[in-house]
Protein chains: 2
Amino acid sequence: MSSLTTAKDPPDHALGTGTSDALSHPSAVGLVAVIVAATDGEPRALTVQVPGQAPGRQDGLPFGPLVPEHPTLERGLRAWVERQTHQRLGYVEQLYTFGDRDRQGDEAAGLHSLSVAYLALVREMRPAGLAEASWRNWYRYLPWEDWRAGRPESLGAIEPRLMAWAGEVADPKLRRRREDRLGLTFGLCGGAWNEERVLERYELLFEAGLIPEAQGQAGKGACAEAAVTGHPMAFDHRRVLATAIGRLRGKIKYRPVVFELMPPTFTLFQLQRTVEALSGAELHKQNFRRLVAQQGLVEETDDLTSGTAGRPARLVRFRREVLLERPAPGFRLTPARRPG
Amino acid sequence: MSSLTTAKDPPDHALGTGTSDALSHPSAVGLVAVIVAATDGEPRALTVQVPGQAPGRQDGLPFGPLVPEHPTLERGLRAWVERQTHQRLGYVEQLYTFGDRDRQGDEAAGLHSLSVAYLALVREMRPAGLAEASWRNWYRYLPWEDWRAGRPESLGAIEPRLMAWAGEVADPKLRRRREDRLGLTFGLCGGAWNEERVLERYELLFEAGLIPEAQGQAGKGACAEAAVTGHPMAFDHRRVLATAIGRLRGKIKYRPVVFELMPPTFTLFQLQRTVEALSGAELHKQNFRRLVAQQGLVEETDDLTSGTAGRPARLVRFRREVLLERPAPGFRLTPARRPG
DNA sequence: GGCGCAATGCTCAATTTGAGCATAAGTGAG
DNA sequence: CTCACTTATGCTCAAATTGAGCATTGCGCC
């Protein structure tokens, strides 16, 4: 059946990706959304409450079934989220389609289940419509990713456990392999930290057994533990969140997507704070503004901020024209060096 | 039903993306693969023959149903392709999940159908296993994308039609919008060509009615037409191919994926030819080698080429270590300027 | 009026690009 | 055997981009 070939019957429509053959294996498909906002210089994701394994409830990402009435996946998602959260989705991008990793239930029944994950950026942080939904700082779930105030404490606690994980194998070749991966993802053993490898880090932690979801011990961790290995999420939603963050961190470097998160006018410093929030790194202020200026990403308004300490800042707005002009505008992140 | 919320029933498993709710709307899911090789400095994709609308047959990408026995989407794809083509897949990456755009058939039946597309890179060009399958230069389907020998002729023929398409709307605002898009994607009206916008170009051509698949007139175009708007493909496989090319063109700039297409040892010029084949642009030779050398992407072997015209070249091999060292190694493409 | 605090301007050296020129080392023709 | 031609490889140089830091400007507030 799994034939790499011609479809057995000629298709009865002009378009479509040619899956008519697949009807014999229907699958359950769901949509998951990582809806991101950034206010007060903090990166946030919209979360909902999901019944957990233990009696309590757990954080999760908004998700729902794919219903047939929607013409397109993306438009389905848009309609669904906008209806439920009264949240205008500006930028929407497909993230990844997750298969059923480590799942047993449905497989036995001969059913696949997929979920198509989307990343959405919203400009304003509405009060989260539903009572069950709330905006949460995304570093709550992945605390080791926030380097804005220097090396995160979470990482300090994780590191010895990771080294132990690498050390626990006898085979020197395999151990070497694990150490390499630690260097690559976490910057240990002489490697460098790369802020885009969010998913790889999450998956490594998962593999090393440091992620509670891995053992179905969702209720176990105390608060102290959550500060180290992060707050758990339902299903594999933390993996989805990690995918989203990694993607977004990459994207802001070559596409002006940050502006989807900014209010109509803002100061350069607010913009910087937002970029820093997403990338989890501190940037060099003067160089950041030089970059933005050079790229012509913004235009000045006549207004200045007031009331804040220090000299008032000029308010600027995004120059929509850059979407047409530059082949691939965006930011290159220039990390600020901190002493020690 | 389409609730952005908590699942109604507590899930019976630790992982999975929480789609149990979606069972009520099963969907048909298929896999499509863009399997890429590059030999003799030409970029090729593996194609199969598919029954077309007209009596004849049409090129298409290898595709098949998603069968439940596979543990993971990617592994399912791997197994399936490797079994059928006896082709080792080296690098595999999920591309995109296509919904049923512009489809009517299944929708009425309350069924979605999706296809999950993958990009795979193979090192050697095996003789295409199946009789029905063959390796085709991918510019056969998207001739305007090949700028290696200067501005492609295809583009010259397309351009007036695109301008006409922009001109055909009365509303000046809408016309302006179309012109902007032409500038952005095709570099017309003063814009610059960006080799990564492959999908956007295809979709714009599709919208402008220049793609035969759009009207179900697959059999119509003569050879002359195919040289201009490209050879058609079954279903929306050309869209999938365009997605793959765009993604790959982006990726080679920051990840050393080209080496997945190279034989164990090769010359720097062969490497350059491969990069050029993928990106569709000619590169500056000396600077290319400087870049590769600086990045430490390859190491020299003791062998030289022989038999070719000109001075023998040193054979090099990929330095696997760079996968660990560099945070994000790859190529930055420095286009060669050609007179005129 | 002077202080502290941000915003903004400006400098400067170290790299990194972009573009060529020059030389080396083979093959094939006459 | 030598010349013409071809491709590989080395090297230079100016322009542009980065990375880092110092200096100045305006404001709210003692």
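Numbered from 1 within each chain, the chains take letters A, B, ... in sequence-line order. Keep in mind that the numbers below use all heavy atoms, side chains included, and drop hydrogens, waters and symmetry copies.
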Item to complete: Nearest whole angstrom, please: distance from the P of D/dT17 to the CG of A/Asn287.
Response: 14 Å
Practice prompt. Let me know, please, whether B/Leu268 or A/Leu304 comes out on the 5' side of the other along DNA chain D by nearest nucleotide.
Written response: B/Leu268
Fill in: Interatomic distance where CD belongs to B/Gln286 and C1' belongs to D/dT7 [whole Å]
11 Å
Discussion item. Among C/dC12, D/dA8, D/dC13, which nucleotide has an atom closest to any side-chain atom of B/Arg290?
Written reply: D/dC13
Fill in: Gap between atoms CD and C1', on B/Gln270 and D/dT7 respectively (whole Å)
13 Å
Item to complete: Could you name each residue pair satisfying salt bridge (charged side-chain N to carboxylate O under 4.0 Å, His left out) that touches residues 302-316 of chain B, not counting sequence neighbours?
Response: B/Glu300-B/Arg314
Worksheet entry | Pairs meeting criterion salt bridge (charged side-chain N to carboxylate O under 4.0 Å, His left out) with involvement of residues 289-298 of chain A, two or more places apart | none
Worksheet item: How many Å lie between NE2 on B/His284 and P on D/dT9, as a whole number?
Response: 16 Å
Discussion item. What's the closest nucleotide to the side chain of A/Ala309 if the choices are C/dA7, D/dC22, C/dC5?
Written reply: C/dC5
Practice prompt. Decide yes or no for B/Arg136 and B/His231: does some side-chain heavy atom of the first lie under 4.5 Å from some side-chain heavy atom of the second?
Written response: no
Worksheet item: Would you say C/dA7 has OP1 or OP2 under 4.0 Å from some side-chain N or O of A/Lys285?
Response: yes
Worksheet item: Please give, in whole Å, the distance from C/dA24 C1' to B/Arg314 CZ?
Response: 13 Å
Worksheet item: Between the main-chain N or O of A/Leu261 and the side-chain N or O of A/Arg123, is there a donor-acceptor pair closer than 3.5 Å?
Response: no
Fill in: Nearest-neighbour nucleotide for the A/Arg311 side chain, C/dC12, C/dT8, C/dA24 considered
C/dT8
Fill in: B/Arg289 CZ - C/dA24 C1' separation (whole Å)
12 Å
Discussion item. Given C/dT17, D/dC22, C/dT11, identify the nucleotide with an atom nearest to the side chain of B/Leu291.
Written reply: C/dT17
Worksheet item: Over how many whole Å does the gap from A/Phe288 atom CZ to C/dA6 atom P extend?
Response: 18 Å
Worksheet item: Between atom CG in B/Leu315 and atom C1' in D/dA8, what is the gap in whole Å?
Response: 12 Å
Fill in: Test item: A/Phe266 and A/Phe259 side chains (from C-beta on) under 4.5 Å apart, heavy atoms
yes
Item to complete: Answer with base, sugar-phosphate or nothing: what part of the nucleic acid does B/Ser306 contact at a heavy-atom distance below 4.0 Å?
Response: nothing
Worksheet item: Taking for each residue the nucleotide of DNA chain C bearing the nearest heavy atom, is the 5' side occupied by B/Gly310 or by A/Pro312?
Response: A/Pro312
